[in-house]
Each structure stands twice: as structure tokens, then as C-alpha cells.
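Right, one structure below, let's go through it.
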There are 2 protein chains.
Amino acid sequence: MTEQPAPTTTAGDPATARGEQTRQLIRDTAMRLFRERGYAQTTMRAIAQEAGVAVGNAYYYFGSKDHLIQEFYAQSQVEHRAAAQPVLDREESFGARLAGVLHAGIDVLTPSHEFAATFFKTAAEPTSPLSPFSAESSGPREAAIALFAEVLDGSTAKVDADLRPQLPELLWLAYMGVVLYWVHDRSPGQTKTRQLIDGVVPLIDRLTALSRLRVLRPVTRQVLDLIRTLRH
Amino acid sequence: MTEQPAPTTTAGDPATARGEQTRQLIRDTAMRLFRERGYAQTTMRAIAQEAGVAVGNAYYYFGSKDHLIQEFYAQSQVEHRAAAQPVLDREESFGARLAGVLHAGIDVLTPSHEFAATFFKTAAEPTSPLSPFSAESSGPREAAIALFAEVLDGSTAKVDADLRPQLPELLWLAYMGVVLYWVHDRSPGQTKTRQLIDGVVPLIDRLTALSRLRVLRPVTRQVLDLIRTLRH
DNA sequence: CGCCCTTCTTGAACGCGTTCAACTACCGAC
DNA sequence: GTCGGTAGTTGAACGCGTTCAAGAAGGGCG
């Protein structure tokens, strides 16, 4: 419906391919509609119409409606990293850094809570490329794990030597748990999720510190052995 | 297509309503096709045709295709309870009982692994009545938690007094975690899930025992406080 | 038997995500 | 300039889950 202005004076990134503009247009339109109407209520026809293209054109750039979600992932991850920067600059203690980064993640996701809730079902399907554990999601996942490595590395925490290399991924897993809780969180403003973070961070802090304690070393070993067994 | 024999001599349960036969017929046909073809590949039209009824008739008994999954839940829960009985009769130690019940749960689910994997996405959606945390699923959920209460009650385990009342639900949560892992488990025969159970049960066993230890009592309190905060 | 009301059953129709054969726009090669 | 091939674009068509107005079946009651 809306006439697209001719893409004349876009001399900025000469490296962009011909269809890059259309791709971004479709992606941005989709993200906007998802946020406005929710995932299920946003039809591919509506996205195409609002973007001023044909339905099939959207499928030229994105394999399916679900694949548009992956754009949301990637975008969120970048925003999360940016939102975490001040915390990483400011805080030194492990607990404060971890809490800050977890809160930053939820901060970024909060505006999309309603729509995120409905699409997380797609992410939970193991066969789907959208699963956070899938190969297709390895990019954002690795970046997220790297973020938690920064949380650990920049901190003053003393951690069991064998646990340390595994910890970033475990922290990411904990973050996935927080997100899972957040998705189900029906409390106003998702206050409960904030309480979960504030409650679970001191626990993690305490447990990692205790991991060096003599009585707990066998348990620590047991946990690490199990993890090694389960990871291929 | 196939002629349905007239429901003449069904004098067995006089309490059953008129359409109860049709309901069961549709349910059983759906379960069979789900197992044979998978969830996505089984169309409502195919279910109706195989059952010898009209499409709309299936919707008279089941609100949606997803609602047929709930039948699968309920059925699985009953089978799980039955499969767990020998273990509960035989074993006395907490660890053996817990491991046995967890393995029994996976035993029951194993024949449906492929199809379960594709439908779990529906279960993960918070707004869906199919979520194991939803009100609609409270029946099977309560039954499952009661099963883990039996695991605990019949055992010789000594558990922190404050932890004990919370433990059955926590064990059920752990079971949900095992199922989540199982759903994603691509190892042949889901061997890894078995290893997860065998690895995590001694851990839980050890931690519940350690929960009475002086050094850990503050941590135990912290955990219990957090749980109380998050539960409403 | 005839009546009515509830329960059950039907299948065409709707809107959705997705596919694909056909078409157009662009650009380097000659 | 024009030719050819790649990249981009189109919209009708398909099969799906779901809905619903219409009708059939059954049973209690006069």
C-alpha cells in the first residue's frame, strides 16, 4: 500500500548486497508487529503488507515465520551485551557482576515479555533450529557464554580450579533457567523474576566459594564428572 | 470410510454418557497415529478419517489438536505410577527409590520419544493449558508430586525438617528437568538420560543428607526462603 | 404416537503458514 | 547496446487447524 521511496542515495555501506534493504525492512516490520500484536496474531500476510512487499518475498529472506524469531534472538543478545557493559566496568565482586548481568538480560527482554512468552514454545522444540541448544543458535549462544566468562574473569572470586572452566557455561544455563522462569512469570512487572535473580545469585556465589571446601570437594567432583559425561 | 459397528451390546459401564465411545475412539486413534507418524505429521483430518468420524466431531470432544496431548499426559502419568509400584515395594533407600521412579518415568515415555520431542514445544508455552505448571494440568501434576512424596515417605532417608515438606515438589521439578533433557537427548536409546539419572540421584541423595550439616544450614535456609518467596 | 430438548454429528468454509512457477530488475561481458 | 545470468519479486494455490450453521439421533413426557 505505502509507496516505498526509491532507494537512491544510500551511499553508506557499499558492501551491502542488493536485497539487504528489503531484508532489513521485512525484519524491522516483523519485530514491530510482533511487539505490537504478539507473535501468533502477526500474520505473514500482515508483515508483507506493512512492509509493502509480497508474501513470498519474506520467504526469500527468511525460511519461515519462526526464523524471524532468530533475528530477535541475535538482536537481544547484542542489546544484552551492551546493557551489561556498565556493570562489567563498575562492579568487581562476582555476585554483583552476575546479578547485574542477569538483570540487564531481563531489562532487555522486558518490553517483549508478552510476545516472548508465546514464541518461547517454538524455542523449546528440540528439532527446531530455534532451540538455544541448536547448531543454528550457536552464534548467539557462544556470545552469551562469553559474556558470563567476562563476569567471572573480571571478578575477584576464588573458584575451584576444575570448576572454573565449566562455570561460564553453567552460568549461561542458569540464565536460561531465569529466562524460562521469566517467561512463565505472571507477576506484575515480572517482579518475581527479579526476586529470583536476587535470591539465586548469593546462592551461586556461596556455592562456588564452598566448592573449595573439603567436605564438598567430593560433591564438586561428582558434579563435574557428570557434566563431562553428559557433554558428548 | 470404515463402517462403525453399531454400539449395541456395550452393557458394561452404564454410567458412560452417550458419546463416551466416540471420545475414546478418537483419542485412541490419535494416540496411535501420533506414535506412528509423529505429532506434526498427523492431521486432524487423518485422525477423523481413521476413526470414521467427521473432522468437526473431534472438536466436539477435544478443544484443539493440542488438547489431545493432554490425554497423552494423563495416560503417561497413570502408566508411570503403575511402573513405579514394584520399585516402591522393593526398595527402601531414598536413592534407590528415586532412581527407580525416575527410570520408570523414562521407561514409560521411551516408546513415544520421537513424537514427544515435537510436541513438547506446545507444553513449554506458558499461556497454553498444556504447560505442566498450568491449572489445567494440575491433576496429573498433583499425582506426580504425590508419587515423589511416596518416594520420600517410604524411604529411610533423614532429611532436614524444614526441607522435607518442600522436597516432593522439588523432586518433581528435578524430574521435569530430566524429561526436558530426555526430550533433547539425541543419543541412541537416550542413554545419556539414563546416565543423567544415575549421576544426579546420588547428588540429590548426598545434598539432602548434607542439608542437615552445620556449614550448610544457612544455605539450606536461603534456598527454602527463596522457594517460599517465589511460590506466590 | 408426537413433541421437545439435549446431545451428538456433519462438512463446507475461513484464515493461516508455506511453496513455487513465472516474471522483472539489475549488472558485467562482449 | 544487447545479451545472459544472477538476484530479487510476485501472487495464486495447497494443505493445515479450526469454526459453525445446520441437521440427525436419542430419550423423557403427555
Side-chain angles (χ1 to χ4, degrees), chain A residues 1-8 10-11 14-27 29-30 33-34 37-70 118-119 121-122 125 128-130, chain B residues 1-8 10-11 14-27 29-30 33-34 37-70 118-119 121-122 125 128-130:
Chain A
M1 291 295 164
T2 47
E3 296 287 325
Q4 279 312 116
T8 46
T10 46
T16 55
R18 257 207 289 158
E20 192 59 25
Q21 280 190 56
T22 314
R23 184 193 180 86
Q24 287 180 23
L25 175 64
I26 292 169
R27 191 198 59 198
T29 308
L33 292 182
F34 284 166
R37 314 180 183 179
Y39 181 68
Q41 283 70 40
T42 303
T43 69
M44 290 300 284
R45 284 169 178 82
I47 294 171
Q49 186 176 335
E50 287 268 320
V53 299
V55 201
N57 200 194
Y59 283 90
Y60 182 77
Y61 292 102
F62 304 96
S64 71
K65 189 182 177 186
D66 288 353
H67 277 78
L68 282 163
I69 293 176
Q70 218 148 14
T118 61
F119 85 57
K121 66 165 188 176
T122 318
E125 189 184 15
S128 163
L130 292 165
Chain B
M1 291 295 165
T2 48
E3 297 286 325
Q4 280 311 117
T8 47
T10 45
T16 53
R18 257 207 289 156
E20 191 58 27
Q21 280 190 58
T22 314
R23 185 193 178 86
Q24 287 180 25
L25 175 64
I26 294 170
R27 190 198 61 198
T29 307
L33 291 183
F34 284 166
R37 314 180 183 177
Y39 181 67
Q41 283 70 38
T42 303
T43 69
M44 290 300 283
R45 285 169 177 81
I47 294 171
Q49 186 175 336
E50 286 269 319
V53 299
V55 201
N57 203 3
Y59 283 91
Y60 181 77
Y61 292 103
F62 304 96
S64 72
K65 189 182 176 186
D66 288 353
H67 277 78
L68 282 163
I69 294 176
Q70 217 148 15
T118 60
F119 85 56
K121 67 163 187 178
T122 317
E125 188 183 15
S128 162
L130 291 165

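Chain letters run A, B, ... following the sequence lines, proteins first and then strands; every chain starts at 1.
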With A:Arg37 via side-chain contact (heavy atoms from CB on, under 4.5 Å) - residues at least two apart: A:Leu33, A:Gln41, A:Thr42, A:Ala46, A:Glu50
Beyond-backbone contact of B:Thr22 with B:Tyr60, side-chain heavy atoms, under 4.5 angstrom: no
A:Phe62 side chain near A:Met44 side chain, heavy-atom distance below 4.5 Å: no
Distance in Å, B:Ile69 CD1 paired with B:Tyr39 OH, rounded so as to fall on 0.5 Å steps: 4.0 Å
Heavy-atom pair with the smallest gap, counting every atom of A:Leu25 and A:Ala51: CD2-O, 3.2 Å
side-chain hydrogen bond (donor to acceptor under 3.5 Å, both in side chains) involving A:Ser64 - partner list, sequence neighbours excluded: A:His67
Nucleotide-resolved protein contact map, nucleotides 13-23 of chain C, B/S/- at heavy-atom distance under 4.0 Å: B--BBBBB---
Sugar-phosphate only, base, or nothing, as touched by B:Phe62 at under 4.0 Å among non-hydrogen atoms: nothing
Distance, rounded to the nearest Å, where B:Gln21 contributes CD and D:dA25 contributes P: 17 Å
Presence of B:Thr22 side-chain N/O under 4.0 Å of C:dC8 phosphate oxygens OP1/OP2: no
Distance test, side-chain N/O of A:Tyr60 to OP1/OP2 of D:dT9, below 4.0 Å: no
